Structure formats: C-alpha cells, structure tokens
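Naming convention: chains lettered A, B, ... in sequence-line order (proteins, then strands); numbering from 1 in each chain. Note that the structure is predicted; figures quoted are calculated from it, not measured.
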Amino acid sequence: MALDAEARQKLEETTRWQPSEAEARIFAEWIDGDYFHPEATGNAEDNYSVAIPPPNVTGVLHMGHALNGSMQDALVRMNRMKGKNTLWILGMDHAGIATQSVVEKRLKEDGIDRHEIGREDFTRRVWQWKEDYATRIKQQYQRLGASCDYERERFTLDDDYARAVRKVFTSLFEKGLIYRDNYMVNWDPGSRSAISDLEVVNREMADTLFSIDYPVESSDRVLTVATVRPETMMADTAVAVNPADPRYADLIGEHCILPLVGRRLPIIADEHVDIEFGTGALKITPGHDVNDFEIGRRHGLEEISVIGEDGRMTEAAGERFAGMTVGEAQVAVAAALREEGALSAEEEYVHSVPFSERSGERIEPLISLQWFCRMEELAAPAIEAVEDGRVNITPDQWKGVYLNWMREIRPWCVSRQLWWGHRIPVWYRGDEVYSGEQPPEGDGWVQEEDVLDTWFSSAIWPFATLGWPDETDELKAFYPTDFLTTAREILFLWVARMIMTGIEFAGDVPFRDVYVHSVIQARDGRRMSKSLGTGIDPLGEIDEHGADALRFGLLSMSSTQDVRYSDAKVQQGRDLSNKLWNASRLILMNIDEPEVRTVPADPQAVEDKWILSRLESTIASVTSLLDEYDFAHAAQEIYTFVFSELCDWYLEIAKPRIYEGDGEIAQVLLHALERTLSLVHPIMPFVTEEIWRYHPYREGHLVVHPFPEAETARRSEQLEASIDHDIALTRQLRGWRDMAGVPPKIVLDAQGDASKVLEFVGRLSRVNIRSGFDGESVATVAGFGILASEGLDMDALTDRLGARRAKLENDQKKIEGKLGNQSFVDKAPPEVVAEEREKLVRLKSELVELG
RNA sequence: GGGCGGUUAGCUCAGUUGGAAGAGCACCUGCUUUACACGCAGGGGGUCACUGGUUCGAGCCCAGUACCGCCCA
C-alpha cells in the first residue's frame, strides 16, 4: 500500500513533530479501541498487572505522579505488546486528613464551620469535591498517556471497598490484634485528631530550657531538673535519675516536692535518664511526654493530663492556669516559678520538635483512648516474604531499610478523630463492645464516631480493587500484581502494610517487585513543594514539549539517587520525538512498499547487515534494562541508537540507495522502522503511534503491536566492528579537513585504493579517493595521500598538526613508560599488556602519517 | 544519637568484575547538504572532595577527614 495523496501531503508539510495537535486524538483512538480494558481471564502467573499508587483526591497531578506513571506505563505497555493480558488498575485515595482539611478550609472561606452543618452534610460536600478532583486527575493521567483501565476506576471509599475494609477490621479484631487502649498518641491540635508516628515530621527549633529546683523532702537539698516545657509540670508524677549516677544514689526512694503544686514526687531510678544532660535529674510527666510515658508505665506511675485536646490547659492544671493556651501557660508558669525563686536558669536550647505533617501544628503528646493494631504477628510473614525474595525490593539497599523497620515495628494507632473516612465498625452499648461487618441486632447500640487511618484502607489496595473479599474473576486473573513503583517516603506507610495485609487476607504477597524510585527535586536542588513554590507542573511541561518528551525526560533523569529536574533531558526527549518523526518522513516519503515484507537473513549490503545487527543489539539491551527497572539507561540507549546509529550514520550512508529505489533497502528500512517504533513505544507512545499510522505494514494500532524480541541471528560483533572501522576513517578524514581549514564545499582528491573502504567513506568525508592521481600528496591521512588543493590552508594545518603531534607523543611516552615497567609486564594479564602494545603501534603509525 | 546515600567537565548526571574518564545541555568553529536548525560536521574543557593505605595499576577496594542530603529515634 503506497501512501495516499492526503497522507503524503500531511507528511510533506509537517516538518516537525507537533504533539499538541496529535496527542488527544491518538489517546481517543486507544480508548475507542478498548485496548486498556482487559477481560478478567487467565491467571496472574501469565497475566500482567499493576495497581497504581492511588493519588490523593486533594490535588492535581504533580511531578512525582508523572515519573511514577511514566515508569508504570512503560512496563505496562511493553507487557501488553508482548501479548500478555494486561491490567493497570486506576483509582484514587480518599486521603482522610488531607482532604478533610482542604474542604474545611474552603468552607471556612465562606464562613461555614463544619460543626454547624454536621457530619452528614459535611461529608456530602467532600464527596462533591472528590468527584471534581477525581475527574481532573484522571484527565491528567490521560494527558501523560497512561494506559490505565479507565473503566475499572476504584476509590478507597466506594461501597464495595468499604465492605472489604470492614471485613479486614473485623477479622483483625476477632484475632485480637485490634484493641482499644489509653495510650500516648501524637495529638494534632490542628486537625483535632490523633495521627500516626509516620505522619509526624521533626523540625529543629530554638526553645528556652528552664532549670527548675525541686526541693527534696526533709532536706536542704534541691533536685534541679531541666525542661523546655515547664507548663506540663503540674502533671509531673516523679523525678528520675540514672541508677549509675553517684550524685543522686542516696536520694533514690526519697521524695521531692513539686513547686507551685506541692505534690510529693517519688525519686526513681531509670536507665533512660541521660547522666550528661542538664543536671542528670529528669522530671517525669507521663501524661505529656512520650519517653516519660514509657518510664511511667515501667514504674506504675500515675498519668495526669493537664492539657486538653483543644490545646488548652485543663482544670487539672489548677485554676491559675486552666483555660490558657499552652504558650500562655508556659509564660505564666515560668513567671510563677521565678516569683517563688524556683527558677534557677534559663538558656536557649535547639532541639528537634514534632509537627503534624498535615496541619503544620506542633504535636501535643497526649494520652487518649484510641484503637490500635498490634503488628508483630502481621509483620513476621511480611519479613519472611522479603527475606526469601517472594517480594523483591530494588534498589537493594531499601530491602535492608524495610527489614530494619519491620523488625522493630510498633503498634499502629488506627483511629482518627475525623469525619471523612471509613467509620470504625465498632458499636457500643453500655460496657458492651461489638465489632462486625454489619451493625449488631438490638436497640441502643451506638457506632464509634472515629474513622480509620487512611492507610488502613490503602493497605488493602491491590486486592480490594479486584473485588476482594468476593472470589472474583479479577482476583484470579490479576492477583498478585507484578510491579509496584513507589516513593521511598511511603515504604512503611503503605508498601509494608500492603505486604502484611496481602499475605494475611489475600493469601499471597501483593506484588513481586517493588521499585523505589528517586525523588525529582526542583531545579535548584530544593524539594518540589507547593508551599515553597518550587513545584514544576507536569501539565505545563506536556503543553510545552509534549507528553513523550516529558516521559522520556523523566525516565532518563531518574536514577537510584535523588536528582534535580533537568530541562535539558526533557528537551532531549522532544528532540528525539522530532528525530523519529523526521527520520520516518524520509523513509516513508521515499520508499515504496516492497513486494515481500521479509528481510533476507543475509542482506547484500554490509551497512544493511550492520544496522540490523545494531538494531537487534539495542532491542536486547533496552529490553533487559527495562526488565531490571533501569529506565534511565534504557532511554539513553534508545536515544543513542536513533540519533547516532540510525540517523547520523545509517540513513546518511543509505541515502543514494533510498533515492534510487533500491529494493532491498526498502525491506530493511521498513523492517527497521517497524521494530524501532515498537521498541520505543512503551516510552514514547504518542509519536510512535502517529508515525505507525503512515507505515505500509500497519494493520492495527501500535499499542497492541508485538513487542520486538531480539533476533540473535542478526547480531554480529565482527560485522559491527568492521563498519565501526570505516566510520572511524570517515571521522578521521573529516577531522583532518577541519584541521586543514578546508571549506565544506571542496571535494579533496586523495591517492589510495578505494576498494579497501566502503563507498560512504569518501562520500561522507567529501574526499575523492582513487589511485593514479598525478602530483604529490601533502599529507597522509588514514593511509590516503591528500593532494594539494586550493582549499588547503597549510599554515593553519601546520599549527594544528603540531598540537596533535604533541598529544600523541605524550601518549606514547606514557605507554612506553608503562611497558618499560617490568612488574607491569610480569604481573598484568597478558591481554592487557598486548592491548598496550597495540596502542603503541597505532600511535606510532599515526605519528608517521603526521610526518 | 543511630543508619543510609552523595561529592566526577561550566551545569545536570553516567561510569558494569580495579587496566587509565563518558553523555546531554552549555561553550567555540564551520555549514540555507532536497528528513529534521528541535538539524549536520568538527572542537575545547576534568589533580574523579581531601589524606593515607592495598596493588604492577585506584573514580572504582580499605581506613580516616570535610561538606551536602535523606531515613529512623
């Protein structure tokens, strides 16, 4: 099939790849073709599936999603092209605290407080928000080209999903792993909720360190304690010293008196106390400090709370301070102590202070009644799964990080004092507590007000999205999934928990491979963040350079370490898409479809064999790089092949035959183009699909075209080396011309045997090589005698030849020194020594040529 | 405080088992070569953070120092 007139015209006038014109149209074709929506048939062993890390419905697509999506899509597309039944599960996360707070903030701008409108009305408004944002996020993934199954979109608060969550909770409850306890939690006064350890960020802060004298009972002595939080002293229930500290050994078991309050505090001994810090005596406040809480539990101390959930002092703080904010109380307590003469020192102290990642407020450690999940039993098999390789974590170092954390896992506080989320399936009636998937029978039951931590529902994402707990066809076909790519910051929050629940509830690990990708930082090396204003909008980059360019750029800048966003890499991607487009124009506009589509196993032209060998080598290496998740090198291999080998050399070498209408080269080119497009498609889907539209072999969309499998029979290192030699000669001649200042238009004459090199050497270097010229050659280059010509600038040449000679002589000296070293010759492997000798020979012959 | 990672060309980054350092961008010199100036050809540019050690040979291995970053407490 030759190009029809319309197609030819389109190719002729489109001299640049224009992503904005094509991308939406192409994506619509993929959707119409239903390529992303597989039947739930077959089994997970043969099929390929990936569950997207569900983006939060709080925001829009950011660079992290774009990177993550590019990686997943590359693998998903490659496996789909390999003919596997492939599913990429799409969905969003309700993101409890985050979503509730953005909606709350929005309402506040309209002067609405959520407590005024009530739980039901509030959550209805959040759902409305969710609908808007889920639609936007979905469209943004489509802009990126993500080949998710848009018909199987899931949300962590859907009815079916909620059923799965209740089932998991109830089952853990019945196993006794879920329990309710008064425990120290990270209280976030901003969201008025407990949050998990993993949602706390520590920041360096300068505070005042107060030294307070606690008089020892029936003695003249005082114990001086140092604290940054004097306002919590009303909750002190002991003073602790280190048992190994000789200064206080005699006081252990005695009591001291709490200033301002007058309470008797036992003086206890605990290993935790740092002898070096302050005076070595520590006030113990089990109600308001994490470490003190544990010391208190060890010694059976009373737990007093003087700070309420609103961040204000309670009645228990005494009427002098009750109702004050924590900050106000600190000032008031310090003043009162000063008045009493109990404050012996104040100094500045820099330490690390916990803040809520969500609300940004300082965490108030409080004791409160919360639901917890005990983790050891769930962690054990999840540790094993990584140890024995059923789950493989790449890069390797993260495996160790995962294992360390899992081995020291702590109870997980799963309750949150929010409205937006899965309401905990527990009901109370008097002292009775019931947990079940459905409300209990009978009257008088009241459901728990709290909701579950968002991560409790995301923890079951890979199987809950497939219909669990029902035994669906989807589960059978697509669980476990194959691959998960994630940012390392959610390795514990999310990945570890999925492995635990997967094993516990779905009977198998949730995925085989976890790839922890790098963080793309802002151009200046800072973190990309909305609040810093350092974010780069992927949609803006797509508008400007095209989705293929962004995908290529992100993949090639990704690495095992954090990297700065590189505009140059995105431009490289744009250049590559343009190059593919134009190389294809050259081929498609000048070549007619051959009668036979196959390419001979042994084509006549050596350059044809060469490019086919290079193509198959590239296919082999790109495929294996993608298999080991080395996206950056895969992208670079493709770039080098297309630019350097295919375009700069092969197409230039082949041009005369292209224009002559050579039959064999038509076969070679169309074959090479078909395979190149297929190879590149997983990384740059749009431009390749668009080019494929014009390819005479096209029978359907490229998105489902077979992915090339490397044909080893076409590969020949020997052949590659021989063409590489002629390429090197060409470059040598070109370099010499430039050195000699020969204008590009002038064709030089050179004395030599043209049959010893391929035709292109003379053509591409613009040197007319033949034997039998009259006249003397002025220089010898690569064995050819260059004849005098009007274009030669002999002075410039002499200067530059001198420089070249100096460099060669220097190299020669180095190698001779090496070979003169007896122990090198004796001890180095013979092939290394031989190589050095060859190098020396080459250098010497080039020096001779220079004259 | 514990752990991990980084320091290579002006910039951003690669460097497989130790054999003498690469890419892209930027820079310089040419080129309206009928696929592409988002292009082509040629070129300059590095005490591989520092100090010791192992080795015939170290960017790579070992020990230490400095600075930067991340995770956990």
Side-chain angles (χ1 to χ4, degrees), chain A residues 11-12 14-19 197-198 200-202 274 277 290-291 352 354 395 397-398 400-402 404-405 408 410 488-489 491-492 518-519 521 523 525-527 545-546 549 553 556-590 630 632-633 635-637 639-640 643-644 647-648 651-652 655 658-659 730-745 763-766 796 800 803 811 814-815 818-829 831-833 835-836 839:
Chain A
L11 280 181
E12 263 168 20
T14 314
T15 59
R16 281 187 192 178
W17 166 238
Q18 290 166 350
D197 292 343
L198 294 166
V200 172
V201 287
N202 290 292
D274 182 355
F277 184 78
V290 181
N291 291 317
S352 126
Q397 74 236 39
W398 296 104
V401 174
Y402 167 92
N404 282 341
W405 188 78
E408 282 168 38
R410 298 165 61 129
R488 57 171 167 264
E489 66 206 39
L491 190 61
F492 307 137
S518 51
V519 174
Q521 300 165 331
R523 295 177 178 95
R526 285 190 294 170
R527 204 187 146 71
H545 307 293
S556 55
M557 69 184 94
S558 76
S559 144
T560 52
Q561 63 163 323
D562 292 352
V563 287
R564 298 174 187 211
Y565 186 79
S566 162
D567 297 290
K569 287 273 162 50
V570 178
Q571 262 172 47
Q572 216 182 322
R574 185 197 55 178
D575 294 348
L576 178 58
S577 36
N578 192 54
K579 197 71 173 174
L580 279 167
W581 174 253
N582 277 298
S584 303
R585 285 177 66 226
L586 170 68
I587 295 169
L588 296 169
M589 293 193 309
N590 292 290
D630 188 347
H633 285 108
Q636 289 308 313
E637 284 275 310
Y639 181 90
T640 304
F643 260 79
S644 170
C647 295
D648 291 348
L651 290 180
E652 293 305 327
K655 267 179 185 173
I658 294 176
Y659 294 129
T730 309
R731 301 190 64 138
Q732 220 177 318
L733 288 165
R734 281 171 169 173
W736 189 89
R737 287 179 63 108
D738 205 64
M739 262 202 291
V742 182
K745 281 200 166 153
R763 172 164 50 91
L764 297 183
S765 61
R766 302 184 68 76
R800 302 188 66 173
D811 288 354
K814 257 161 73 176
I815 295 180
K818 214 163 159 181
L819 289 169
N821 180 351
Q822 198 54 43
S823 55
F824 170 74
V825 180
D826 290 345
K827 295 187 182 175
E831 61 270 22
V832 174
V833 179
E835 202 176 314
E836 292 298 316
K839 251 189 241 169

* In whole angstroms, how far is the C1' atom of B:C71 from the CD atom of A:Q397? -> 11 Å

* Given the C1' atoms of B:G46 and B:A14, what is the spacing between them in whole Å? -> 15 Å

* **Which residue lies more 5' along RNA chain B, comparing A:R410 with A:N404 via nearest heavy atoms** => A:N404

* Structure fact -> Heavy atoms of A:P19 and A:H545 approach each other most closely as CG-O, 3.9 Å

* Asked: For A:F643, what residues pass the ring pair (Phe, Tyr, Trp, His ring centres under 6.0 Å) criterion, not counting sequence neighbours?
  -> A:Y639

* Return yes if some donor-acceptor pair links the side-chain N/O of A:R527 with the main-chain N/O of A:V519 below 3.5 Å, else return no. => no

* When the P atoms of B:A26 and B:C40 are considered, how many whole Å apart are they? -> 13 Å

* To do: Rounded to whole angstrom, note down the P distance from B:A9 over to B:C50.
  => 11 Å

* **With A:Q732 via side-chain contact (heavy atoms from CB on, under 4.5 Å) - residues at least two apart** => A:L729, A:A782, A:E849

* Thinking salt bridges, do A:D562 and A:R488 make one under a 4.0 Å N-O criterion? -> yes

* Asked: Within the side chain of A:S556, is there an N or O that forms a donor-acceptor pair under 3.5 Å with the backbone of A:G553?
  -> yes

* Contact letters for nucleotides 28-41 of chain B, in which S counts primed atoms plus P, OP1 and OP2 and B counts the base, heavy atoms under 4.0 Å -> --S----BB-BSSS

* **Footprint string (nucleotides 8-23 of chain B, 5' to 3'): B base within contact, S backbone only, - free, heavy atoms under 4.0 Å** => ----SSSS---BB---

* Do any N or O atoms from the side chain of A:R737 and from the backbone of A:P743 form a donor-acceptor pair under 3.5 angstrom? -> yes

* Asked: Mind checking the P distance from B:G5 to B:G10? Whole angstroms is fine.
  -> 28 Å

* To do: Consider only side-chain N and O atoms of A:D567 and A:Q571, and report whether a donor and an acceptor are under 3.5 Å apart.
  => no

* Structure fact -> Stems with RNA chain B, 3 or more Watson-Crick or G-U pairs in a row (under 3.5 Å), are B:1-7 with B:66-72, B:10-13 with B:22-25, B:27-31 with B:39-43, B:49-53 with B:61-65

* To do: In whole angstrom, give me the gap between the P atoms of B:C13 and B:U17.
  => 23 Å

* Between B:G5 atom P and A:L491 atom CG, what is the distance in whole Å? -> 15 Å

* Partner set under side chain to side chain donor-acceptor pair (under 3.5 Å) for A:E408, not counting sequence neighbours -> none

* Asked: Quantified in whole Å, what is the P atom distance between nucleotide B:C4 and nucleotide B:A20?
  -> 32 Å

* **Atom-pair distance (CH2 on A:W398; P on B:G3), nearest Å** => 16 Å

* Do the ring planes of A:F492 and A:W405 sit parallel (below 30°), tilted (30 to 60°) or perpendicular (above 60°)? -> parallel

* To do: Can you measure from CG (A:L588) to CD (A:E12) and round to the nearest 0.5 angstrom?
  => 12.0 Å

* Asked: On a whole-Å scale, what distance lies between the P atoms belonging to B:A49 and B:A21?
  -> 15 Å

* Whole Å only: how far is the CH2 atom of A:W405 from the P atom of B:A73? -> 9 Å

* To do: Find the distance A:I815:CD1 to B:C56:C1' and express it as a whole number of Å.
  => 16 Å

* **Pairwise P distance for B:G52 and B:G59, with rounding to whole Å** => 15 Å

* Is there a side-chain contact between A:R734 and A:S765 (heavy atoms, below 4.5 Å)? -> yes

* **Integer-rounded Å distance: B:G57 P and A:E831 CD** => 18 Å

